[in-house]
Amino acid sequence: MHTDASLVVEFLNTVNVEEGTDLLEDPGQWHGWAAAHGLAANPAAEARAARDALRAAIGDPRLPPGTDAAVDVSTRISLTADGPALVADDVVGAVFAACARLVVRGDWIRLKICPADTCLWAFYDESRNRSRTWCSMRVCGNREKARGWRARAAAG
């Protein structure tokens with residue numbers, strides 16, 4: 001079972017800057033990804049517009065803030081055993097419903113983009129004080145610390 005945060009992060013990471021790949025460019029992979037999440041695949045252009053708008057909203061430096069996306073999101077309220085629930089059948093609707101729930105819970109600000117230029121991986125900050133910067137301290141954080149150390153050593 002995917003959490004709201006994991007669904008959103010996995011969708012945002014269907015583009016991999018470091019490897020130069022985009023899952024939405026391969027219809028077979030895109031439909032497989034959607035099926036693995038129990039959802040219908042939106043047209044790739046629609047999914048890309050939604051993904052870019054969401055990545056811009058959480059700080060992807062490649063995308064201008066406020067990137068507008070004309071995305072027609074289809075969701076509905078369904079009465080479940082746990083009460084009313086916002087649900088959707090397709091990927092974009094489900095991702096936006098998950099985003100809405102994250103906003104309501106105050107967890108939207110935990111969605112972040114790694115600042116490493118070669119990475120730009122989306123991640124969910126689970127730290128207590130919401131201060132995590134890197135997708136991985138072992139990889140991107142360590143690289144940045146090493147670069148800083150080398151620059152200071154060269155200058156001094």
4.5 Å side-chain heavy-atom contact, [X] and [Y]:
X	Y	result
Thr21	Gln29	no
Val95	Leu7	yes
Thr14	Arg48	no

*asked:* Run the side-chain contact (heavy atoms from CB on, under 4.5 Å) test against Asp82 and tell me which residues pass, sequence neighbours left out.
replied: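 With neighbours one apart ignored, the set is Thr80.
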
*Going by the ring-ring contact (aromatic ring centres under 6.0 Å, His included) test, which pairs reach into residues 32-62, not counting sequence neighbours?*
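Checked against ring-ring contact (aromatic ring centres under 6.0 Å, His included) - neighbours excluded - the pairs reaching residues 32-62 are His2-His37, Trp30-Trp33, Trp33-His37.
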
*How far apart are the closest heavy atoms of Ala94 and Leu39, and which atoms are they?*
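That closest heavy-atom pairing would be CB-CD1, 3.7 Å.
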
_Closest non-hydrogen atom pair between Trp134 and Cys114, with its separation_ =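 Closest approach of Trp134 to Cys114, heavy atoms only: CE3-SG, 3.9 Å.
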
Rounded to the nearest 0.5 Å, how far apart are [atom1] of [X] and [atom2] of [Y]?
X	Y	atom1	atom2	answer
Glu18	Cys140	CD	SG	6.5 Å
Leu12	Cys99	CG	SG	7.0 Å
Ile77	Leu86	CD1	CG	5.0 Å
Ile113	Leu120	CD1	CG	7.0 Å
Asp90	Phe96	CG	CZ	11.0 Å
His31	Asn42	NE2	CG	9.5 Å

*Going only through I, L, V, M, F, W and Y residues with side-chain contacts under 4.5 Å, is there a path from Val91 to Val9?*
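Val91 and Val9: one cluster.
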
*asked:* Using the rule that Ile, Leu, Val, Met, Phe, Trp and Tyr join whenever any side-chain heavy atoms are under 4.5 Å apart, tell me whether Val15 and Leu23 fall into a single cluster.
replied: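 Result: no, two separate clusters.
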
*Among Lys112, Arg110, Arg130, whose side-chain hydrogen bond (donor to acceptor under 3.5 Å, both in side chains) with Asp125 holds?*
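Of Lys112, Arg110, Arg130, side-chain hydrogen bond (donor to acceptor under 3.5 Å, both in side chains) with Asp125 is met by Lys112 alone.
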
*Look at the side chain of Arg132 and the backbone N and O of Cys135, then say whether any donor-acceptor pair between them is shorter than 3.5 Å.*
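At least one qualifying donor-acceptor pair exists.
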
*Would Asn13 and Phe123 count as a side chain to side chain contact (heavy atoms under 4.5 Å, CB included) if you check the C-alpha gap in whole Å, the side-chain angles of each, and the deciding distance to 0.1 Å?*
CA-CA 9 Å; Asn13 288 332; Phe123 66 94; over 6 Å; no

*For the pair Asp107 and Arg101, find out whether any cationic side-chain nitrogen is under 4.0 Å from an anionic carboxylate oxygen.*
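Answer for the salt bridge query: no.
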
